[in-house]
Novice: 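Have a look at this one before I ask anything.
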Amino acid sequence: MSPEDTPAPRSLAEALRARDDASLAALLRSRPDLITPVPTDLTQLATRAGTRASVVRALERLDRFALQTAQALAVAADPASYQELLGLMAGDERDPAVAGALPHALGVLREQALVWGGDDRLRLVRTARELLAPSPQHPSPTGLGPSVQEAAAGMSPGRIQEIVTAAGLPSTHDAVSALAALTALFADRKRMAKLLAGAPEESRQVLARLMWGPPYGQVTADPAAHLRWLLDRGLLLPTAPGTVVLPREVALHLRQGRAHREPEPLPPAVEAAKVHRPQVVDATAAGQALTALATVEELLKDWHEGGPAVLRAGGLSVRDLKRTAVALDVPEPVAAFWVELAYAAGLLASDGEADERYAATPAYDEWLTLPAQERWVRLAEAWLAATRTAGLVGGRDAKERALSALGPGLDRSAAPEVRHRVLTLLAALPEGAAPDPESVLARLHWERPQRREEDLRTRLARWTLQEAELLGVTGRGALAAHGRALLGLPAPERPEPADAAEPSGPGDKLPVHHHRRPAPTAPLSPAEQAAASAAAARLLAPLLPEPLDHVLLQADLTAVAPGPLQRPLADTLGVLADVESKGGATVYRFTPASVRRALDAGRSAADLHAFLAAHSRTPVPQPLAYLIDDVARRHGHLRVGAASAYVRCDDDALLNEILADKRSAGLRLRRLAPTVLAAQADPATLLEGLRAMGFAPAAESAEGDVLIARPDAHRTPPRTAPEPVPDGPPVPDGALLSAAIRAIRAGDLASTTPRKPADDTSLAPGELPRTSAAETLATMQAAVLTGESVWIGFVNAEGAASQRVIAPVRVEGGFVTAYDHTADEVRTFPLHRITGVAELADD
């Protein structure tokens with residue numbers, strides 16, 4: 001049978017039945033909700049594809065032109081021809097751009113099972129038509145109103161005949177034929193032009209105002225003459241007292257056949273606002289990547305001994321976020337981003353104690369041992385996949401509750417898809433090109449115009465551009481080479497320029513389709529992402545400076561680190577000195593408090609002198625040596641232990657000095673012995689109070705030994721990173737698609753194969769055959785001898801019933817071995833689980 005002789009499908013199920021496996025796979029891949037759970041047959045698949053929730057989700061994922069095509073079909077006849085659809089989209093003049101793009105848009109709608117039927121009988125699925133067709137409650141984006149038939153449904157036959165006569169048409173014997181004649185008049189361009197040529201100028205102005213919508217207007221009980229002229233001829237039809245509507249056919253004539261004022265067949269190009277040398281972009285991004293690593297380390301180092309408390313409702317308080325921002329020297333929104341990034345990467349969590357606080361996880365210690373490029377990749381991977389959205393911090397949820405960093409309510413399932421898409425658009429620009437942000441937003445809006453959270457998608461895109469720059473995925477707004485590799489793209493081939501000048505002004509407008517290497521259109525699989533991350537690490541590694549093993553000590557009690565330091569040096573120096581300024585070079589300042597901190601951690605004065613001498617390219621300045629010796633001389637002179645708390649010292653004059661100091665009043669000290677003071681405060685409070693007074697006490701154990709407090713003592717129990725909240729069902733992989741399609745085909749074969757009717761009664765559609773055990777056994781044995789297939793009802797061990805078509809091979813021991821068309825394999829069925837058997841029809 002030739003394609004021309006193939007009968008037209010009468011339903012969506014029949015249209016799906018005519019598809020090949022590749023087409024079904026494309027449908028299930030674009031609409032993964034249809035495969036969860038796997039439909040039993042194609043009829044169930046078609047039913048599921050027409051449910052409201054599934055259709056709404058599919059419409060939300062259409063681009064603007066495909067959605068405009070669906071909207072045009074919703075106002076066309078049902079069914080409509082391709083030529084009618086082309087007229088609605090391209091107008092009477094047949095816009096060549098629209099005509100060229102329409103076949104692809106229609107193909108997308110067909111692939112997603114939103115449209116079915118041949119070009120002569122295109123049908124939009126009923127649910128989509130209900131959602132997109134114009135109504136007084138839900139105006140159509142096309143701006144069109146109801147048809148003449150719909151608008152005149154409640155009018156009296158006499159009034160309809162008056163309108164037909166006033167329009168210059170012969171009267172008819174019934175209202176149906178009268179409305180059909182009026183519709184034909186409005187759809188005829190020449191006759192309509194002749195009718196409107198005699199219209200008053202004011203009447204034409206009214207039509208022009210209603211032409212592009214909204215199509216409804218208000219009139220008084222005694223309308224003006226120019227309105228009466230329109231009402232008498234049906235160019236305006238009443239829908240309610242005082243309300244009139246412009247019929248769809250009249251509006252289409254005035255619009256030259258267009259359903260949309262501005263069809264958008266082509267996506268807006270992403271334009272380059274500025275162009276930089278790729279080498280400059282990579283270097284800038286690498287520098288920012290190094291800053292990102294230092295910022296995360298500084299954040300978690302600040303929370304080594306237990307960070308801020310967890311709010312009762314979860315999350316970080318506003319005060320603690322402000323303190324964190326001050327400590328990191330960044331604005332609060334940026335501080336929220338770093339906190340959320342560390343949490344998403346599994347480096348930060350709550351400790352789960354009674355007095356619950358945030359702290360670094362054991363994974364943080366493992367992360368610190370990795371090379372810098374691998375540490376960056378861990379952060380970048382977590383950022384790409386995270387659904388938690390730091391940009392929402394400080395806002396409010398639907399119940400007007402404040403959204404806090406690390407708190408609930410920050411997950412947005414669209415975030416990973418928007419991040420990936422924004423970076424993909426950047427990757428499609430020529431290398432070194434920084435995009436115009438507004439053109440990126442315009443492109444995203446064209447690709448997803450129907451999304452209900454459009455404002456959120458716009459904000460997600462803006463946050464993505466900012467966060468990518470903070471993290472070092474982009475440099476100067478352009479995607480870096482390691483950022484491109486993170487998306488799974490090959491590294492570009494770059495000839496080394498000879499003294500190429502850095503462009504400083506806006507670059508030419510560079511459309512997105514000029515790039516030779518298109519980026520992937522969907523997030524990578526875990527295996528693909530692992531390979532892409534490894535490639536990104538390889539590209540980033542040469543751009544990062546080698547860690548240094550030295551600093552430059554200066555006479556003003558500072559040390560300058562001209563670059564990143566090796567891990568042991570950085571850790572020790574971070575305890576011995578305070579960071580004063582950051583940047584290309586880090587400046588550390590030595591203070592009595594910082595030196596005491598190193599002594600508290602178990603270092604001796606000799607250890608500190610040796611450490612500085614070994615790691616300084618300059619001689620140890622005398623003021624620094626004096627500072628260390630002076631603090632060490634006084635360190636541990638006072639001893640604090642637990643009574644409530646006590647202070648002991650061999651020098652009773654020093655204790656007298658403490659008692660005389662007014663600042664000690666809050667500690668409520670009293671003398672127990674010449675060398676011992678007792679306090680009402682606990683040891684930790686007493687230590688802090690004495691240190692605030694300028695003393696250098698040391699904590700001691702019950703045995704009198706000095707307690708060493710290490711800054712990295714507190715860690716949470718093992719914690720896993722937060723799981724992203726998926727945006728609907730995941731896209732099925734190839735193996736799942738193949739198995740699902742095979743099962744659907746086989747189930748459809750079992751449900752549609754013609755069967756011989758039973759002697760007494762025929763089975764209802766979908767009903768399992770019922771035969772006695774003896775009849776089932778006899779039929780199976782006969783099928784083995786003849787080699788024919790039979791239809792059975794089968795109940796598995798879980799109690800799920802199904803229909804199957806099998807070809808029995810052997811019957812013995814209460815089991816039948818047969819080729820199962822459902823599983824496309826030979827299987828063994830227990831006879832007691834077969835509800836019945838029926839022979840297939842001869843045809």
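Atoms considered below: every heavy atom in the structure, side chains included; atoms not considered: hydrogens, waters and symmetry mates.
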Novice: Hey, does Pro435 have a side-chain heavy atom less than 4.5 Å from the side chain of Leu425?
Specialist: no
Novice: Could you go through Glu298 and Asp329, starting from their C-alpha distance and side-chain angles, then the distance that decides it, and tell me whether this counts as side-chain contact (heavy atoms from CB on, under 4.5 Å)?
Specialist: CA-CA 11 Å; Glu298 185 178 354; Asp329 193 22; over 6 Å; no
Novice: Distance check, rounded to the nearest 0.5 Å: Thr295 atom OG1 versus Trp338 atom CH2?
Specialist: 5.0 Å
Novice: Identify the two heavy atoms, one from Thr387 and one from Ser413, that lie closest to each other, and give their separation to 0.1 Å.
Specialist: CG2-CA, 4.1 Å
Novice: Quick check: does any side chain N or O of Arg29 sit under 3.5 Å from a backbone N or O of Leu737, one acting as donor and the other as acceptor?
Specialist: no
Novice: Could you go through Arg378 and Glu374, starting from their C-alpha distance and side-chain angles, then the distance that decides it, and tell me whether this counts as salt bridge (Lys or Arg N to Asp or Glu O under 4.0 Å)?
Specialist: CA-CA 6 Å; Arg378 285 273 296 274; Glu374 294 183 22; over 6 Å; no
Novice: Salt bridge or not between Glu356 and Arg312? Use side-chain N to carboxylate O under 4.0 Å.
Specialist: no
Novice: With the side chain counted from C-beta on, respond yes when Asp411 and Arg388 share a heavy-atom pair under 4.5 Å apart, and no when they do not.
Specialist: yes
Novice: Output yes when a side-chain donor or acceptor of Thr361 lies under 3.5 Å from a complementary backbone atom of Pro718, and no otherwise.
Specialist: no
Novice: Nearest 0.5 Å, please: how far is CG in Asp320 from CH2 in Trp303?
Specialist: 7.5 Å
Novice: Give a yes or no on whether the backbone of Ala398 and the side-chain of Arg401 come within a donor-acceptor separation of less than 3.5 Å.
Specialist: no
Novice: If you round to the nearest 0.5 Å, how far is CG of Leu114 from CG of Leu131?
Specialist: 10.5 Å
Novice: Is there a donor-acceptor pair under 3.5 Å between the side chain of Thr127 and the backbone N or O of Gly50?
Specialist: yes
Novice: Without swapping roles, check the side chain of Gln529 against the backbone of Leu486 for a donor-acceptor pair under 3.5 Å.
Specialist: yes
Novice: Do any N or O atoms from the side chain of Arg375 and from the backbone of Leu293 form a donor-acceptor pair under 3.5 angstrom?
Specialist: no
Novice: So, do Arg459 and Leu392 sit near enough that their side-chain heavy atoms are less than 4.5 Å apart?
Specialist: yes
Novice: Of all heavy-atom pairs between Ala336 and Leu321, which one has the smallest distance, and what is that distance?
Specialist: N-CD1, 3.9 Å
Novice: Can Asp578 and Arg597 be counted as an ion pair, charged N to O under 4.0 angstrom?
Specialist: yes
Novice: With no hydrogens and no angle check, is any side-chain donor or acceptor of Arg31 less than 3.5 Å from a backbone partner on Gln112?
Specialist: yes
Novice: So, Arg443 and Glu447, do they make that salt bridge, N to O below 4.0 Å?
Specialist: yes
Novice: What is the distance from atom OG1 of Thr474 to atom CG of Leu423, rounded to the nearest 0.5 Å?
Specialist: 8.0 Å
Novice: Are any of the side-chain nitrogens in Glu417 or Arg421 under 4.0 Å away from the carboxylate oxygens of its partner?
Specialist: no
Novice: Scan side-chain atoms only and decide if Asp33 and Ser54 contain a donor-acceptor pair under the 3.5 Å cut-off.
Specialist: yes
Novice: With no hydrogens and no angle check, is any side-chain donor or acceptor of Thr36 less than 3.5 Å from a backbone partner on Leu34?
Specialist: no
Novice: What verdict does the side-chain contact (heavy atoms from CB on, under 4.5 Å) test give for Trp383 and Glu340, after you've listed the backbone C-alpha separation in whole Å, the side-chain angles of each residue and the deciding distance to 0.1 Å?
Specialist: CA-CA 9 Å; Trp383 173 70; Glu340 284 290 341; over 6 Å; no
Novice: Take Arg462 and Glu438, measure what salt bridge (Lys or Arg N to Asp or Glu O under 4.0 Å) needs, and give me the verdict at the end.
Specialist: CA-CA 9 Å; Arg462 292 189 186 276; Glu438 294 305 318; 3.0 Å; yes
Novice: So do Trp367 and Glu297 actually touch side chain to side chain, heavy atoms under 4.5 Å?
Specialist: yes
Novice: Taking ring-ring contact (aromatic ring centres under 6.0 Å, His included) as the test, write out the residues that go with Trp376, two or more places apart.
Specialist: His482
Novice: Evaluate Asp351 against Arg715 for side-chain contact (heavy atoms from CB on, under 4.5 Å), listing each step before the verdict.
Specialist: CA-CA 7 Å; Asp351 58 13; Arg715 288 289 183 269; over 6 Å; no
Novice: Report the C-alpha distance between Arg457 and His445 in whole Å, list the side-chain angles of each, state the deciding distance to 0.1 Å, and finish with yes or no for side-chain hydrogen bond (donor to acceptor under 3.5 Å, both in side chains).
Specialist: CA-CA 8 Å; Arg457 286 179 61 84; His445 187 58; over 6 Å; no
